[in-house]
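Report on the following structure.
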Amino acid sequence: MAKPTKQRTEGTPVLPDAQRLACLRELEKKLLWLASWTIHNANHERPSRDGLKVGGHQASCASLVTIMTALYFEVLRPQDRVAVKPHASPVFHAIQYLLGNQSRDKLERFRAFGGAQSYPSRTKDDDDVDFSTGSVGLGAAMTTFASLVQDYVRLKDWAPPELPEGRMVALVGDAELDEGNIYEALHDGWKHDVRNTWWVIDYNRQSLDAVVTDRLFGQIDKLFDSMGWNVITLKYGKMLQAAFELPGGGALRQWIDDCPNSLYSALVFKGGAAWRQHLMADIGHASGLKALLDSHDDDRLAALMTNLAGQDMESVLEAFNGVDDDRPTCFLAYTIKGFGLPFAGHKDNHAGLMNPEQMATFRTLNRISEGAEWDRFEGLDLPAETLEAFLDQVPFAASGRRRHTAARIPVPVRLPLPSADTMSTQEGFGRILAELARDDSELARRIVTTSPDVTVSTNLGGWVNRRGIFDRHARDDVFKEQKVVSAQRWAMSPAGQHIELGIAENNLFLLLGALGLSHSLFGERLLPIGTLYDSFIQRGLDALNYACYQDARFIVVATPSGITLAPEGGAHQSISTPLIGLAQDGLAAFEPAFVDELAAILAWSFDYLQRDGTHRGETDWLRDVAGGSVYLRLSTRPLEQPKRSLDDSLAGDIITGGYWLKPPAPGAKLAIAYSGAVAPEAIAAHDAILEDLPGAGLLAVTSADRLNAGWHAAERARQSGARGAQAPVERLLAPLARDGALVTVNDGHPTALSWLGAVLGHKVQALGVEHFGQSGDLPDLYRHYRLNQDAILEACAAACLGLLPGS
Ligand SMILES: Cc1ncc(C[n+]2csc(CCOP(=O)(O)OP(=O)(O)O)c2C)c(N)n1
Ligand SMILES: [Mg+2]
């Protein structure tokens, strides 16, 4: 469905074909050496201090060396972005080493502290990784969404003029296609008419444990074709193609086509004599076959039979250079895992490492002398100057650093505050965004929202009605045209600012990841907001983790949440998400109770998303200098709103993570701490206690995550000698008597707040939800799960009586 458009004219190779090919073949050889040596060095040459195997994947690297040589040294342009198959990381680092962007020191410390990372990492490596990879399947999917984001930015005419349209390229292990997220991404990609995306499948027919099912290629072919992709199969290399033209060649081709993957792999491992024996036994009677085989000695026969197009430089270049349109394209590249290494084709080769003897043989083969292992051109046939000159003209490296930056979008200190006596945080969120949508500000223009089919039910409708839905093509709202009354106006156009996704939550987080890297990938800042039901965060959790790991910047609004979602019941009622909020790195989690708190948090979040300072260590308690993403856990429970106007100090406390809604008297023996939608129960219980304990405090925890982070940071700082360090939560709890008690209450796992007792050593009675919810109304559910006023009072009584086990 994507319309092909001719797009690249630049980058015509400067060298004659034969010379170019010769250089590429030399570099291909060098990459295989360097990748293998990097892993060998880490495992055998570097002293081990802990007895752990260091690991690395020499066979997986060998599988992709030809393809990566062709891509990086000829085909790619600086504007292209690549997700490299995770276990081909050493090949990537070696490429950057040859291009002068990676140091020898980092290669020598591959998989060691501060060295090149085991799997390419945007944040931990410094040699220009475009997309981190590691959890298989996610890198590939990420390219699809990055391509969508590229279109979003370009269709708004924002793209910097000097930055041409790029291709989003994924180098994908064939077993990665087992991951369900691949299919979800293809499906949503199809809906969005994705283009400029290449997936190169390293079809070595091996995974970690095993050889893959026979004839998988047929499935792959059909699948990509059905999703509107162009499929280019690279099966036979030039040598085999030539052999097929000889007498007996037809039979040979048929034999290979029919050969089960396992047998092919086993014969690859066994070598020339085994090939000959098998071929003779199976098709020796075919006319011309024996002569064809006899014209090859064992080594040459092995070379012929393993001449697959994915590892044949000419075939690979032909395939890549032959594409001149923007259709999404899948290259199904036949390869051999471990090609060129002693365990080529062996089914157990995934984590296999060459032993020192095998490495010595490999070294001889590569003509590498002792001490010259890291020399860039040692052992190659072409002179170093020729190769150096070739590397100097590599188009991919032409413009130096490929990461971009974007100016900050100004954010007002306060956002418009919806007025209503009673409101839920979810409704407040929708109204704040709808109000922003009226605005002609840069902030409003740069916000992009997305949701996996829960746009309306998470209250984004108002925003979408004003800002429209993004689509590469203008599409009318048929319901509106037909005068069917609806509150939702869903016209689509390139100007729209909401990207509607199918239900797959994985795709939501991958899209947020891509949108949240727009400033770095495409030089244009976006402020992405994604909404989903809180319980379904877990459905997309790995993609959320993946987005955070790349340091993408976004706001995820999860609503509704907890058993407060009362009638919906059961597994829709999230329990553990507050703990995800606490533990997920790169994500500041908030659970406000009131809409004025939410407005303050949102305003801060838009700024926090854009920060990029260097984390200052333990004195930067909350990592506020470096910035990050934000998770808001909201609710549909309408709450009476406090009548107050937030001053800067209170707004600051809300961002820090908590404030005293009712401050305790100095030396108070009791305080109730609550988060989110259970505020009315906490407030009522607190009121009731005041008769007996007039000094009791009521602590509103807006971000358990940030309070907790600050506490741990302060502890670490004191351990390291900064004796005066004090965390915000320590300051907050300081007025309470040391032998006082805390009752904590939240609609989620109680551990999210119960740690508060450990800060200064207060006894804790923790209320929360530990078991699956069920349908009901709030009185029944809060009673059953012990979140109601009575339960809080009982907990307060137990706390004051100091009830301990056995007492
Ligand atoms: C989500 C996830 N599950 C499991 C793994 C562990 N793992 C790493 S590589 C691999 C097999 C990959 O096979 P393939 O994609 O075909 O790559 P090849 O090494 O054959 O090129 C597995 C299971 C992982 N990295 N990520
Ligand atoms: Mg494989």
Side-chain angles (χ1 to χ4, degrees), residues 31-32 35-36 39 53-68 71 82-92 111 117-121 131-143 170-185 199-217 219-220 234-235 261-262 264-265 268-269 306 308 310-311 330-341 343-353 506 509-510 513 538-547 549-550:
L31 286 180
L32 180 59
S36 306
I39 297 168
K53 176 185 167 179
V54 179
H57 303 88
Q58 289 170 332
S60 299
C61 287
S63 201
L64 262 184
V65 158
T66 314
I67 285 168
M68 289 178 72
L71 280 174
V82 190
V84 176
K85 183 182 79 168
H87 26 305
S89 169
V91 183
F92 172 80
R111 290 185 166 232
Q117 296 297 297
S118 43
Y119 307 113
S121 168
F131 302 112
S132 303
T133 51
S135 180
V136 299
L138 296 181
M142 184 72 169
T143 56
L171 307 176
V172 189
D174 44 1
E176 291 194 57
L177 301 181
D178 290 340
E179 289 287 356
N181 85 274
I182 289 278
Y183 301 89
E184 297 173 357
W199 285 11
V200 185
I201 314 284
D202 180 358
Y203 192 52
N204 58 28
R205 287 144 288 132
Q206 281 186 248
S207 59
L208 193 161
D209 282 340
V211 174
V212 305
T213 313
D214 285 329
R215 311 197 73 74
L216 182 64
F217 63 89
Q219 293 301 105
I220 297 175
L234 292 86
K235 186 162 185 187
N261 291 337
S262 298
Y264 185 85
S265 294
V268 168
F269 180 71
T306 56
L308 300 184
Q311 285 160 332
C330 165
F331 298 89
L332 183 58
Y334 278 72
T335 56
I336 288 167
K337 193 157 170 171
F339 190 54
L341 304 182
F343 35 58
H346 197 291
K347 73 181 178 61
D348 304 335
N349 67 9
H350 184 78
L353 298 174
N506 250 294
F509 290 118
L510 288 166
Q538 288 159 118
R539 187 77 186 248
L541 197 51
D542 198 27
L544 171 63
N545 185 54
Y546 179 67
Y549 181 58
Q550 316 218 43

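For ligands, and for the atoms within them, numbers begin at 1 and follow the listed sequence.
The protein heavy-atom contact nearest to atom 6 (C) of ligand 1 is Leu208 CD1, 4.3 Å. For atom 13 (O) of ligand 1, the nearest non-hydrogen atom of the protein is Ala175 CB, 3.3 Å. Looking only at protein heavy atoms, the nearest one to atom 16 (O) of ligand 1 is Asp174 OD1, 2.6 Å. With hydrogens left out, the protein atom closest to atom 4 (C) of ligand 1 is Val136 CG2, 4.6 Å, a heavy atom. Atom 18 (P) of ligand 1 has as its closest protein heavy atom Lys337 NZ, 3.3 Å. For atom 15 (O) of ligand 1, the closest heavy atom belonging to the protein is Gly173 CA, 3.2 Å. With respect to atom 19 (O) of ligand 1, the closest heavy atom belonging to the protein is Ser60 OG, 2.6 Å. Protein heavy atom at the shortest distance from atom 21 (O) of ligand 1 is Lys85 NZ, 2.6 Å.
The two residues Pro120 and Pro86 have their closest heavy-atom pair at CD-O, 3.4 Å. Taking all atoms of both residues into account, the shortest heavy-atom contact from Gly345 to Ile336 is N-CG2, 4.1 Å.
In this structure, atom 11 (C) of ligand 1 is in close contact with the protein, since a protein heavy atom lies within 4.0 Å of it.
Of all the heavy atoms of Asp202, the ones lying under 4.0 Å from any atom of ligand 1 belong exclusively to the side chain.
Between Gln206 and ligand 1, a contact under 3.5 Å exists for at least one N or O pair. Considering backbone and side-chain N/O atoms, Asn204 comes within less than 3.5 Å of an N/O atom of ligand 1. For a threshold of 3.5 Å applied to N or O pairs, the pair formed by Ser63 and ligand 1 contains no separation below that value. Checked by distance only, ligand 1 and His87 come closer than 3.5 Å through their nitrogen or oxygen atoms.
A search for salt bridge (Lys or Arg N to Asp or Glu O under 4.0 Å) contacts involving Lys337 returns nothing, not counting sequence neighbours.
Cation-pi geometry between Arg215 and Phe217 is not satisfied (NZ or CZ under 6.0 Å from the ring centre, within 45° of the ring normal).
Distance alone, capped at 3.5 Å, is enough to place a donor-acceptor pair between the Arg111 side chain and the Val54 backbone. In terms of modelled atom types and a separation under 3.5 Å, the side chain of Lys85 and the main chain of Leu64 share no donor-acceptor contact. Although no hydrogens or angles enter the test, the distance criterion places no donor-acceptor pair under 3.5 Å between the side chain of Gln311 and the main chain of Leu308.
Which parts of ligand 1 touch Gly134 is read off a 4.0 Å heavy-atom cut-off, strictly below it: atoms 24 (C), 25 (N), 26 (N). Against a heavy-atom cut-off of under 4.0 Å, Ser135 is close to the following atoms of ligand 1: 1 (C), 26 (N). For ligand 1, the atoms sitting less than 4.0 Å from at least one non-hydrogen atom of Glu176 are 15 (O), numbered in the order shown with element in parentheses.
Taking distances strictly below 2.8 Å, the protein N/O/S atoms close to the Mg ion (ligand 2) are Asp174 OD1, Asn204 OD1, Gln206 O.
Residues Ile220 and Trp199 have side chains not in contact (no heavy-atom distance under 4.5 Å, counting atoms from C-beta outward). Between Leu138 and Leu510 the shortest side-chain heavy-atom distance falls below 4.5 Å.
Atom CD of residue Gln117 and atom OG1 of residue Thr133 lie 11.5 Å apart, to the nearest 0.5 angstrom.
Checked against Ser63 for a side-chain hydrogen bond (donor to acceptor under 3.5 Å, both in side chains), the options Asp174, Thr335, Asn349 give a single hit: Thr335. Residue Leu171 forms a side chain to side chain contact (heavy atoms under 4.5 Å, CB included) with just one option from Val82, Ile201, Asp202, Val91, and that option is Val82.
Ligand 1 has at least one atom lying under 4.0 Å from a heavy atom of Glu179. Proximity of Pro86 to ligand 1 is not established, as no heavy-atom distance is less than 4.0 Å.
The aromatic rings of His350 and His57 lie tilted to each other, with the angle between the two planes from 30° to 60°.
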Decide yes or no on side chain to side chain contact (heavy atoms under 4.5 Å, CB included) for Val268 and Phe339, but give the supporting numbers first.
-> CA-CA 9 Å; Val268 168; Phe339 190 54; over 6 Å; no
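Using a 3.5 Å distance cut-off with no hydrogens or angles, the side chains of Tyr119 and Ser135 do not pair a donor with an acceptor.
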